[in-house]
Amino acid sequence: MKKLITAAIFAVAATGCKTVEPLYYYGNYNSSVYDYFKADNSTIEEQIAALETVIEQASAKGKAIAPGIHAHLGMLYFETGNNTQGMEHFEQEKFLFPESAQYIDFLIKSAKEV
């Protein structure tokens, strides 16, 4: 009986230890957002390069890119005056995450008004 209980506890513990792989790839996105708000830490060009790297890494690993990365990158491109690249990333965000369309449309409208 003692062996049966020990085996049952071990089986429950082993199944509870299974790691779940994240649904999306974030890379160093969190530090990129931090850098954006602390603009003295890095230039916009460095932030763009960091996010482009995250996207490349996700693609190389066959992972889905996290929500918000293309939108953030699009916003950075708009800040540099590269509206074409900015629009491409906004559209990519809407394609990947249709639930973001209303917010992305708001960002596009705001960018055009500036």
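The first residue in the sequence is number 1, and the count goes up from there. Because the structure is a prediction, the values reported are computed rather than measured.
- To the nearest 0.5 Å, atom NE2 of residue H70 and atom OH of residue Y77 are 11.0 Å apart.
- Between Y25 and K63, the shortest heavy-atom distance links the atoms CB-CB, 3.6 Å.
- Counting non-hydrogen atoms of other residues, nucleotides and ligands closer than 6.0 Å to CD of E99 gives a total above 12.
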Pair Y24-Y29, ring-ring contact (aromatic ring centres under 6.0 Å, His included): steps then yes or no: CA-CA 11 Å; Y24 299 110; Y29 180 54; over 10 Å; no
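- Under the 4.5 Å side-chain contact rule for hydrophobic residues, Y34 and F37 do not share a cluster.
- To the nearest 0.5 angstrom, D105 atom CG is 12.0 Å from Y103 atom OH.
- Side-chain contact between I55 and H89: present, with at least one pair of heavy atoms (C-beta onward) separated by less than 4.5 Å.
- Distance CZ/F90 to CG/L73: 9.5 Å, rounded to 0.5 Å.
- Closest heavy-atom contact between A64 and L23: CB-O, 3.9 Å.
- Rounded to the nearest 0.5 angstrom, L76 CG and Q85 CD are separated by 12.0 Å.
- Rounded to the nearest 0.5 angstrom, E93 CD and I104 CD1 are separated by 5.0 Å.
- Shortest non-hydrogen contact noted between K94 and S100 is CA-OG, 4.0 Å.
- Two residues are said to be in side-chain contact when any heavy atoms from C-beta on lie closer than 4.5 Å; S31 and Y36 fail this criterion.
- With rounding to the nearest 0.5 angstrom, the CD1 atom of I69 is 12.0 Å from the CD atom of Q92.
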